[in-house]
Number of protein chains: 2
Amino acid sequence: MALTLYELGGLDDRRYSLYSWRARYALAHKGLTPEYKPVRISDKSAIAFSRQDKVPILIDGEQVVQDSWRIAQHLEAKPGASLFGGEIGQSLSRFFNSWVDRTIVPRLAPMIALDVTGIQDEEDARHLRGTMEKAFGKPLEELAASRDKDIVGFRRLLDPARAQLRAQPFISGSQPAYADYILFSPLQWARIVSPFPILEESDALFTWRERMLDLHGGLGRTTPARV
Amino acid sequence: MALTLYELGGLDDRRYSLYSWRARYALAHKGLTPEYKPVRISDKSAIAFSRQDKVPILIDGEQVVQDSWRIAQHLEAKPGASLFGGEIGQSLSRFFNSWVDRTIVPRLAPMIALDVTGIQDEEDARHLRGTMEKAFGKPLEELAASRDKDIVGFRRLLDPARAQLRAQPFISGSQPAYADYILFSPLQWARIVSPFPILEESDALFTWRERMLDLHGGLGRTTPARV
């Protein structure tokens, strides 16, 4: 069955869409390769069929699945390695998803939002600036200016994830699973859009991110990055 | 094989030891009933055999298992319902454990530390006051005085756990598992030692805590509480 993944595309065909990286890795985990279709952040006419304006969207034959969590649930029903490892694993992956989306992403976004505009054409950059400045109530330059200070607290927020890596190579255990893809996605987004070092090289999470980039035939390295 | 659980005991035999509630529920989950032995916080001679001064300690025949997480892992090897549901579930339970211990407990403890001294005799109360005032660098009265303000941010911290309950009755899914016991333990500690309403009655987590109290034959209601 033909699979298509709609995601954001920027300059030089950079695929920078944060949540799309969860879907990309979940597909690869199941041994599936979709056709990737870029969508402009300032012009969502390509996904008008979905009657909403958010990516990622997975088209699986006749089915249209929107939202990275729903895509993961949809893919879990397919053959191949499990993304969750059963009901408890799926429930706690959902908790991990909430933690990353409510705690990590909102503190990461202001530090790199200005840099996102650097990998977009003028029209997309203007659109994103409008959305982000409205959300944060500040010019993107002002948000970026305090990041040398903000990064300290941000890195500390990651402590519970970092603690996982003391005894095992992945957040999910001896092998990567969907929880790894959840946390990888904002950190992958950061390295694609920004030269700012979100993780120090001495950080266990930095080494883990490298391992994540190598997975599935180096899937994470298939789009240009700035660090 | 005889099982013994050492845990803190207070006035009127209140069993208020935070992490012990994880071990109590994990034992019940496996259908096991230990002999409970109280230890005074100011006099740990009862557990001198363990060559350290922390509870809970589980004695399982010849084995001495200390630390709630190690106790859970030890019990998982026994027959009966799984506490974790496999490797991914166990890994993410460990993440959940880190999140609760690093994020939730340190913000809860200052709000109710003064009340803990109210369920202890003079000697234990003096001991705990010394430890807590050293840890927080403030008199317990001062910590308690700001709790009407502090509780607002504390309740918000619980949002990722609260989100779990939108679609399912337990943190772990349709049935309770170890992650539920992890979060239950500080909230159970709070209700045993303090009349301060940590959770509002309209909160999904309040209703969940009631469900948790009812589990395993009402195990959570076997010690006197203040709310």
Side-chain angles (χ1 to χ4, degrees), chain A residues 26 29 67 69-70 72-73 76 81-107 153-184 204-205 208, chain B residues 26 29 67 69-70 72-73 76 81-107 153-184 204-205 208:
Chain A
H29 191 92
D67 177 82
W69 179 254
R70 285 208 198 95
Q73 288 179 291
E76 182 65 345
S82 175
L83 290 160
F84 302 120
E87 188 195 350
I88 295 176
Q90 178 156 343
S91 281
L92 298 182
S93 296
R94 193 197 338 234
F95 171 82
F96 193 75
N97 205 80
S98 298
W99 177 74
V100 170
D101 290 355
R102 290 162 184 263
T103 308
I104 304 304
V105 174
R107 293 276 291 270
F154 175 80
R155 288 181 183 145
R156 207 177 305 127
L157 271 185
L158 292 167
D159 275 348
R162 195 171 281 123
Q164 289 293 96
L165 303 174
R166 275 197 215 125
Q168 58 193 45
F170 295 101
I171 303 289
S172 307
S174 60
Q175 299 294 326
Y178 194 64
D180 290 271
Y181 309 150
I182 292 168
L183 182 59
F184 173 71
L205 283 167
W208 165 82
Chain B
H29 191 91
D67 176 83
W69 178 254
R70 285 209 198 94
Q73 287 179 292
E76 182 65 344
S82 174
L83 289 160
F84 302 120
E87 190 196 350
I88 296 176
Q90 178 157 342
S91 282
L92 298 182
S93 296
R94 193 199 337 235
F95 171 82
F96 193 75
N97 206 79
S98 299
W99 176 74
V100 170
D101 289 355
R102 290 161 184 263
T103 308
I104 304 304
V105 174
R107 294 276 291 271
F154 175 80
R155 288 180 183 146
R156 207 178 303 127
L157 271 184
L158 292 167
D159 274 348
R162 195 171 281 124
Q164 290 293 98
L165 303 174
R166 276 197 213 124
Q168 58 194 44
F170 295 102
I171 303 288
S172 306
S174 60
Q175 298 295 326
Y178 194 65
D180 290 271
Y181 307 150
I182 292 169
L183 182 60
F184 173 70
L205 283 166
W208 165 81

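Proteins get letters first, then strands, A, B, ... in listed order; numbering begins at 1 in each.
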Handout entry: Side-chain touch B/R162/B/R155, heavy atoms, less than 4.5 angstrom
Key = yes

Handout entry: For A/G85 against B/I88, the heavy-atom pair lying closest together
Key = N-CD1, 3.8 Å

Exercise for the section: Grab the two heavy atoms, one from B/D180 and one from B/S172, that are nearest each other, plus how far apart they are. Expected result: OD2-OG, 2.7 Å

Handout entry: Engaged part of B/Q90 at the chain A interface, taking heavy atoms whose separation is under 4.5 Å
Key = neither

Problem - Close side-chain approach of A/F96 and A/Y178, heavy atoms under 4.5 Å - result: no

Completion exercise
Nearest heavy-atom contact between B/W208 and B/F184 is CH2-N, 3.5 Å

Completion exercise
Looking only at B/S91, B/G86, B/G89, B/S82, most heavy-atom pairs under 4.5 Å shared with chain A are made by B/S91

Handout entry: Contact summary for A/L165 and A/F170, nearest pair of heavy atoms
Key = CD2-C, 3.9 Å

Practice task
Could you look at B/Q164 and say if it's the side chain, the backbone, both or neither that has a heavy atom under 4.5 Å from chain A?
Solution key: side chain

Fill in the blank from the handout: Residue from A/P160, A/S98, A/A167 scoring the most non-hydrogen pairs under 4.5 Å with chain B is A/P160

Exercise for the section: Check each atom of B/F84 against the heavy atoms of chain A and say whether the ones under 4.5 Å are side chain, backbone, both or neither. Expected result: backbone

Practice task
Could you check which of A/A177, A/S174, A/A179 has the highest count of heavy-atom pairs closer than 4.5 Å to chain B?
Solution key: A/S174

Exercise for the section: Identify which part of B/R102 has an atom lying under 4.5 Å from any heavy atom of chain A, answering side chain, backbone, both or neither. Expected result: side chain

